[in-house]
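Not measured: the values here are computed from a predicted model.
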Amino acid sequence: MKAGEHAKLVRGLRQESRRLRLLVIIIGFFLITLTFVVVTKPDAILFNLNGRLSVDQAPRSLLIRQGVDADAAATRRSADTLAAAAEDPKVVDGDSAGVEANANANANAGVGASEDEKQALTSETEQGIKAEEATASELLGGEDEEGRKGLHNGRQDDQEHKLTLPTVSNYTIHETTNDSDNGKQEGIKLVMDVDQSNGRDRSHQLELDNMEWDKPLCDFSNFRANVCEMRGNIRIHPSGSSVMYMEPTGSMKDEQWKIKPYPRKGDELCLSHITEVTVQSSRVAPECTKYHDVPAVIFALTGYTGNLFHDFTDVLVPLFTTASEFNGEVQFLITDMAIWWTRKYAVVFEKLTKYPLIDFNKDNEVHCFKHTIVGLHAYMEFTIDPLKAPHNYSMVDFNKFMRRTYSLPRDEVTALGEVPRTKPKLLIISRQRTRMFLNLKEIVAMAEEIGYEVVVEEANVNSNVAHFAKVVNSVDVMMGVHGAGLTNCVFLPHSAILIQIVPWGALDGICRVDFGYPAEQMGLRYKHYSISVHESSLMDQYPLDHEIFRNPLAFHKNGFEFVRRTFMDTQNVRLDCKRFRPILLDALDQLNQ
């Protein structure tokens, strides 16, 4: 071979060698990239790459890891309506209307979200069980078919077929039809079953189980309510009154908290009747017997419930604040269950959760969740703090929620004159035991003379919430003496007027906190009328020079119970119509604006 041909052959081989190395590098880079995608984002292979994924299309693991934007969650709040709720049972209607709770809150004031993919998985209850022996799950989840259809009327999303979950022992799973465990923990059997609610293998959730919740499990800094919240592998064992956050491998978290999930922090008398729940991090726990793909919210009902004001300020408002963001995809576990109470507000529960209630004190399962909240977010009395509440919820949102829940027709007050020959409607909340209007007929006559159409209703123990809500929503102005009945202002249309009559006894501050500020935060127009000495029935019990008239504030030093007995339980009101008349006239002027 000639020297020239040899040199040309060597150059050709070198070029081919360089091409081969370049090809190997490209193929190697592609294989490395593919391996990285498969290992780190296995869910990506389940979807086409020709467009964005909607929240509903995305896999549940992505929703949990990445979350859903708060604004998107807010826009998904539906405007669905429900049929009438079950009739209310008789309950004790306390008259203090939360004043005692406010006093406790003032005494303690100086001291110290993602949306899951919607899947319906509910348990149907057995037929023929007596109502007295039924659990709340049976009451709200086991109605006849026609009743269930009525309560779900108006839902925008079709409900999945319900499944009956088997009853199993605390530590053994007998049926493979249950959802599988969230992940393997030390000393715990790993169950790799198929999630029956969505038909997908849950093995891809192992990454979530190994994620550590980087915040303290509980926040005890709020003056009114302690709240615990955690994400990961969570075991709830009601019979042991425990919530266990399963620590990932290598975790150094070592926490244990004791919480009574009722928002009356510092009120030892109230909390003495509430079940204490232990929240702790752990590496060993009972094996799961039920799996849930929705968050859990644990709260108590006993407390002061039974008084209309406390029904709202202690439970319904905090529950709305805590659970609304889940759009019904949330499981409630209730300690100290009051069956009559869940019946009374069944329509509210139907709006907040699509799942039967679980009686925490009677349940023997070990429930597994990926997101759990113990306790309810609560702030000042009968209010929501939008700066602290999830998604900046406010009392305006709660007011809309209550009108929507009870299918009330009026969202806004109509200005006078827009509907010819229509009088403004005034509702007077009457009382029969304490803080009564002694001259009710005179008040009605004066209001009618001014130009009002007057309706008189008593919010007593026999009041049906749905019926009373429709009455309240039909009026433009509502007035009454300070008491639980004024809580019905939650059903008023926006821009309606609330007039609170404040009894004698230096109670202005308490009354404003209980109803004045909440009414204004709901978008209502509030008027405050403090009675004079001659309008109080206390004149019939004490001489005019008595300290109760000269310095009523001094009585507050004796504690709330003394104040309640003196100014709340034994006082009635004889309204001075001449003095009160300008209040109603001013309300008319505002309705004209």
List in chain and number order the residues that pass salt bridge (charged side-chain N to carboxylate O under 4.0 Å, His left out) with [X], two or more places apart in sequence or in another chain; answer none if no residue qualifies.
X      : answer
Asp219 : none
Glu255 : Lys253
Arg512 : none

Just grab all the disulfide bond (SG atoms under 2.5 Å apart) pairs involving residues 224-258, residues at least two apart or on different chains.
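Counting only pairs at least two positions apart or across chains, the disulfide bond (SG atoms under 2.5 Å apart) contacts touching residues 224-258 are Cys218-Cys228.
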To the nearest 0.5 angstrom, please state how far the [atom1] atom of [X] sits from the [atom2] atom of [Y].
X      : Y      : atom1 : atom2 : value
Leu492 : Asp411 : CG    : CG    : 12.5 Å
Phe360 : Ser239 : CZ    : OG    : 8.5 Å
Ile298 : Thr322 : CD1   : OG1   : 12.5 Å
Ile334 : Asp359 : CD1   : CG    : 8.0 Å

Any non-hydrogen side-chain atom of [X] less than 4.5 Å from a side-chain atom of [Y]?
X      : Y      : result
Trp341 : Val315 : yes
Tyr262 : Thr302 : no
Thr372 : Tyr245 : no
Thr321 : Leu376 : no

Look at Arg224 together with Asp314 and state whether they make a salt bridge at an N to O cut-off of under 4.0 Å.
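Yes, this pair counts.
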Presence of salt bridge, Arg235 and Glu247, under 4.0 angstrom:
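A salt bridge is absent here (no side-chain N lies under 4.0 Å from a carboxylate O).
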What orientation do Tyr304 and His310 show, parallel under 30°, tilted 30 to 60°, or perpendicular over 60°?
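Judged by the thresholds at 30° and 60°, the geometry between Tyr304 and His310 is tilted.
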Parallel, tilted or perpendicular: rings of Phe401 and Phe320 (30°, 60°):
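If you compare the ring of Phe320 with that of Phe401, the planes turn out tilted.
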Set of residues satisfying side chain to side chain contact (heavy atoms under 4.5 Å, CB included) with respect to Asp385, sequence neighbours excluded
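By the side chain to side chain contact (heavy atoms under 4.5 Å, CB included) rule, Asp385 matches Tyr379, Leu387, Lys388.
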Side chain to side chain contact (heavy atoms under 4.5 Å, CB included) against Asn226, all qualifying residues, sequence neighbours excluded:
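For Asn226 the side chain to side chain contact (heavy atoms under 4.5 Å, CB included) partners, ignoring immediate neighbours, are Phe220, Ile259, Lys265.
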Steps toward side-chain contact (heavy atoms from CB on, under 4.5 Å) verdict (Phe382, Met522):
CA-CA 10 Å; Phe382 199 24; Met522 274 185 263; 4.1 Å; yes
Can you confirm if the aromatic rings of Tyr393 and His377 lie within a centre distance of less than 6.0 Å?
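No.
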Phe309 and Phe515: aromatic ring centres closer than 6.0 Å?
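Here the rings of Phe515 and Phe309 have centres that are less than 6.0 Å from each other.
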side-chain hydrogen bond (donor to acceptor under 3.5 Å, both in side chains) with Thr289: which of His237, Glu365, His367?
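Of the listed options, the one satisfying the test is Glu365.
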Got a donor-acceptor contact below 3.5 angstrom from the Gln331 side chain to the Pro356 backbone?
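Checking the backbone N and O of Pro356 against the side chain of Gln331, a donor-acceptor pair under 3.5 Å is found.
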Is the backbone of Gly485 close enough, under 3.5 Å, to the side chain of Asn488 for a donor and an acceptor to pair up by distance?
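Here the side-chain-to-backbone pair exists.
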Using distance alone, with no hydrogens and no angle criterion, decide if Thr275 and Asp336 have a side-chain donor and acceptor under 3.5 Å apart.
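Asp336 and Thr275 do have a side-chain donor-acceptor pair below 3.5 Å.
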